[in-house]
Amino acid sequence: MIRGVRGATTVTANSEEAIITATEELFAKLIEVNQIQPDSVASVLVSTTDDVDAAFPAKALRKFQGWTYVPVMCMREMPVPNSLKMCVRVMMHVNTSVPQEKIVHVYLNDAQVLRPDLNNSVTL
């Protein structure tokens, strides 16, 4: 069964180092709390707010063992008035038998939940 695992983090600067570090931290936490095995990841979608370079998160993703052939799409979000700034958001599609309502969605560094049905997610 393919399940959606979501997460987001804010970054301190629009620099390659800051974005890669924040993305690595987010993915490590998502993997840890959901006990995700590398070979269970079907695809990854990463989006960044318009003030963050969307190319940098992919470099962080490639460091994870077993993800060499996982399809990764990175894109920049259209600017929305009053939306969160300096943010990297993630959606992983994972093959797991864990029910969707038991998946832990992770939000770090004051990132915000964008969808109302995810308000029970964990902010770490």
Side-chain angles (χ1 to χ4, degrees):
M1 302 283 297
I2 299 293
R3 307 288 188 207
V5 181
R6 296 177 183 86
T9 186
T10 55
V11 297
T12 56
N14 186 14
S15 71
E16 183 171 358
E17 181 180 354
I19 295 168
I20 288 174
T21 299
T23 305
E24 287 175 339
E25 178 185 7
L26 175 60
F27 271 88
K29 191 55 74 175
L30 281 168
I31 288 167
E32 175 190 338
V33 299
N34 289 294
Q35 299 178 359
I36 295 170
Q37 299 301 316
D39 60 355
S40 71
V41 180
S43 66
V44 180
L45 169 64
V46 178
S47 64
T48 62
T49 50
D50 65 314
D51 51 357
V52 173
D53 193 316
F56 297 144
K59 293 183 179 182
L61 301 183
R62 291 299 175 212
K63 293 183 178 183
F64 286 95
Q65 182 69 26
W67 286 25
T68 305
Y69 301 108
V70 173
V72 175
M73 185 170 84
C74 295
M75 60 185 225
R76 186 173 285 175
E77 299 170 7
M78 295 294 291
V80 176
N82 302 318
S83 67
L84 189 65
K85 296 295 184 185
M86 304 293 285
C87 190
V88 176
R89 296 187 179 97
V90 169
M91 163 63 106
M92 280 193 296
H93 296 100
V94 179
N95 188 1
T96 179
S97 59
V98 175
Q100 185 66 52
E101 61 271 15
K102 300 291 185 183
I103 297 288
V104 178
H105 305 289
V106 176
Y107 296 87
L108 304 176
N109 305 317
D110 298 322
Q112 296 174 346
V113 176
L114 296 181
R115 291 181 40 187
D117 62 327
L118 299 180
N119 281 333
N120 292 329
S121 300
V122 174
T123 302
L124 303 170

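Closest heavy-atom contact between Val52 and Thr48: O-OG1, 3.1 Å. Of all non-hydrogen atoms in Ala60 and Ile20, the two that sit nearest each other are CB-O, 3.7 Å. Smallest separation of non-hydrogen atoms from His105 and Arg6: ND1-N, 2.9 Å. Here the closest heavy-atom approach between residue Ala54 and residue Cys74 is recorded as O-CB, 3.3 Å. Closest approach of Ala13 to Ile19, counting heavy atoms only: O-CG1, 3.9 Å. In this structure, Gly4 and Gln100 approach most closely via the heavy-atom pair O-NE2, 2.7 Å.
The closest side-chain heavy-atom distance from Thr49 to Arg89 is below 4.5 Å. The closest side-chain heavy-atom distance from Leu26 to Val90 is below 4.5 Å. The closest side-chain heavy-atom distance from Met92 to Asn34 is not below 4.5 Å.
Listed by first and then second residue, the salt bridge (Lys or Arg N to Asp or Glu O under 4.0 Å) pairs that reach into residues 90-101 come to none, sequence neighbours excluded. Evaluation of the side chain to side chain donor-acceptor pair (under 3.5 Å) test over residues 10-19, restricted to residues two or more places apart or in two chains, returns Glu16-Lys59.
Residues satisfying the side-chain contact (heavy atoms from CB on, under 4.5 Å) test with Ala22, not counting sequence neighbours, are Thr9, Val11. In this structure, the salt bridge (charged side-chain N to carboxylate O under 4.0 Å, His left out) partners of Asp50, at least two apart in sequence or on a different chain, are Lys85. When the side chain to side chain donor-acceptor pair (under 3.5 Å) test is applied to Thr96, no partner is found at least two apart in sequence or on another chain. With sequence neighbours excluded, the residues satisfying side-chain contact (heavy atoms from CB on, under 4.5 Å) with Met1 are Arg3.
Checked options Val41, Ile36, Val44; the residue passing with Phe27 is Val44 (criterion: side chain to side chain contact (heavy atoms under 4.5 Å, CB included)). With Ile103 as reference, Val98 is the one residue of Val94, Leu30, Val98 to meet the side chain to side chain contact (heavy atoms under 4.5 Å, CB included) rule.
Taken to the nearest 0.5 Å, the CZ atom of Arg76 stands 8.0 Å off from the CG atom of Asp51. Summarising the geometry, atom CD belonging to Gln37 is positioned 11.5 Å from atom CG belonging to Asn95; distances are rounded to the nearest 0.5 Å.
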